[in-house]
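As the structure is a computational prediction, the values presented were derived from the model and not from experiment. Computed over heavy atoms, backbone and side chain alike; hydrogens, waters and symmetry mates excluded. Per chain, numbering begins at 1; letters A, B, ... match sequence-line order.
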There are 2 protein chains.
Amino acid sequence: MHQHTVAGTGSDGIRQALRARWRRRSFVCVGLDSAFDRLPESVRRKSADMGEAIVEFNREIVEATHECAAAYKPNAAFYEQHGAIGVQALIETVQYIKNKYPDIPVILDAKRGDIGNTNAGYARSAFDVIGVDAITLHPYLGSEALRPFLDRVDRGLFILVKTSNPGAGEFQDLPFGPDQRPFYEHVAETVAERWNGNGNCGVVVGAPYPDALRTVRGIVGDLPILVPGIGAQGGELQATIEAGRDSEGFGMVVNAARSIIFASSEADYAEAAAVAAERLNTSIGDIVG
Amino acid sequence: MHQHTVAGTGSDGIRQALRARWRRRSFVCVGLDSAFDRLPESVRRKSADMGEAIVEFNREIVEATHECAAAYKPNAAFYEQHGAIGVQALIETVQYIKNKYPDIPVILDAKRGDIGNTNAGYARSAFDVIGVDAITLHPYLGSEALRPFLDRVDRGLFILVKTSNPGAGEFQDLPFGPDQRPFYEHVAETVAERWNGNGNCGVVVGAPYPDALRTVRGIVGDLPILVPGIGAQGGELQATIEAGRDSEGFGMVVNAARSIIFASSEADYAEAAAVAAERLNTSIGDIVG
């Protein structure tokens, strides 16, 4: 069992850990969506097996980006699609980051959510076996089912509110209650007002929906908001940050994956990732001010 | 890559495969929630490692229950909590079942749900690497995101509608729309009327909610309904089957896990599982008529 606690452990741990990164002007969440078939050929060839290639690639990406990284966010699907070898590569990647850069939070984008007994297993998997600091979760089964996650006061939980996909609104935008607000607002309010007793909750709102981001920020106060789906364009970035900033001026986990880790498909991928991450970090910093 | 198709492949494949099992009066879905620390000590001691013990246990359970099994349903969490070894044990378990009993559908209870690109990875993991016939999914991101699953016409998808946990209603029961029906009814209707173009959808409704089960059956017609959370009591079983039966008299995947696989914690666990599964199968058969 791999055991650790995030910087600023205890209640509010993930928020404090992220704040420490933002204060040193490290703003970028680097999405480690490192599917083997997307890796540069030089990495795929050099390594003895698929798992080794993935870990090697992630190590190089981490070394190239850790200065501007507010967090790392591996998505479980891209590892699970390679079976047990992929899962082992995920574990080794997280261990590498937490050993070398213990102050940088690692968020497992796994979008889990089951009944309580089963969530206890998922929480063990994420926090004790893989060893991440935070995880993304579905709200559908309610807080009673999520209790094994909510009770982990030293870890962070990002609950899906408004996702980044084009069809996110099919259920999330359905009008609800006396004032006919969209369902996702109700989820955001529930998380902020009722689920966050241990101070370990955040929410997920996709960058393509700046209006939703502004509304959710108004609802959740200074809870951290994980924002996937940002493009490379400064305009979109500006709209996102203006809509989602908290009382301290930022408060968001702005994730970029492919635009950083696959910035080059050649042997210079790490240098290209460093450049892409630094460029995004500077852009965010300029807007944050 | 492990490749296969379910019995009665193509559109409607999972439903046809289940029907073939029901017709031969095999009614029980055996939940393979085989967490290592819950295995009989005799199994834990005998095996060289954790993964081998889990696979050995599952093999014995399958051999003891396959006559009355309509389906097997491993829950991913109980394997993932053991890291890569657990995932490998899950893969070997599914391969064992599909090689030896190809007519018995295997449903991965994984409750996945992400954006489209990521769901493609989860679909590969479930259907091509682990090799199951069906998977459970969250509805929250909508059909556009679930497209990589919906497009797998030869596999089955069970969408969460009303889950079995005590707090399921926190969001699922929220009143919606002009007639103020609970949200889960809206999800059921959407799945049945809009998502099932490839005939590969089913829904999940927990046994503790027979009224919801009756309502959902009225909404989804003869779509298969996965029913977790059944107890050992005949009364509850009777209420469940009466509420959920389809036009052919059953149409449900009634899951029992711990009451079968952990019926004995001694070396006679397989015999005890056989007895428990057969008893439940007879009880269901008596009610189905």
Practice task
Report the C-alpha distance between Y140(A) and F171(B) in whole Å, list the side-chain angles of each, state the deciding distance to 0.1 Å, and finish with yes or no for ring pair (Phe, Tyr, Trp, His ring centres under 6.0 Å).
Solution key: CA-CA 6 Å; Y140(A) 197 65; F171(B) 291 126; 8.2 Å; no

Please classify the contact between [X] and chain A as side chain, backbone, both or neither, with a heavy-atom cut-off of under 4.5 Å.
X       : result
P139(B) : both
L160(B) : both
R258(B) : side chain

Strictly less than 4.5 Å between heavy atoms, which residues of [range] line up against chain A? Please order them by number.
range                       : value
residues 183-190 of chain B : F183(B), Y184(B), H186(B), V187(B), T190(B)
residues 202-212 of chain B : none
residues 116-123 of chain B : N117(B), T118(B), G121(B), Y122(B)

Exam field: side chain [X] to backbone [Y], donor-acceptor pair closer than 3.5 Å:
X       : Y       : answer
E170(B) : G142(A) : no
D114(B) : A110(A) : no
H138(B) : H138(A) : no

Which of [options] touches chain B most, by non-hydrogen pairs under 4.5 Å:
options                            : answer
A145(A), G83(A), G113(A), A168(A)  : G113(A)
A126(A), G169(A), S143(A), A35(A)  : S143(A)
R194(A), K162(A), Q180(A), Q172(A) : Q172(A)

Handout entry: Verdict with supporting geometry, R112(A) and R112(B), side chain to side chain contact (heavy atoms under 4.5 Å, CB included)
Key = CA-CA 7 Å; R112(A) 296 303 197 254; R112(B) 296 302 198 253; 3.1 Å; yes

Problem - chain B contact via A76(A) - side chain, backbone, both or neither, heavy atoms under 4.5 Å - result: both

Problem - Choice from I85(B), T163(B), L174(B) maximising heavy atom contacts with chain A below 4.5 Å - result: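 Looking at each option in turn, the highest pair count goes to L174(B).
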
Practice task
Quick one: pull up CD in E80(B) and CD in E80(A) and give me the separation to the nearest 0.5 Å.
Solution key: 5.0 Å

Exercise for the section: Kindly compute the distance separating CG (N75(B)) from CD1 (I115(A)), expressed to the nearest 0.5 Å. Expected result: 8.0 Å

Problem - Side chain proximity check, N165(B) to E144(A), heavy atoms < 4.5 angstrom - result: yes

Practice task
Applying side-chain hydrogen bond (donor to acceptor under 3.5 Å, both in side chains), name anything that partners T136(A), two or more places apart in sequence or on another chain.
Solution key: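 Here the qualifying residues are D109(A).
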
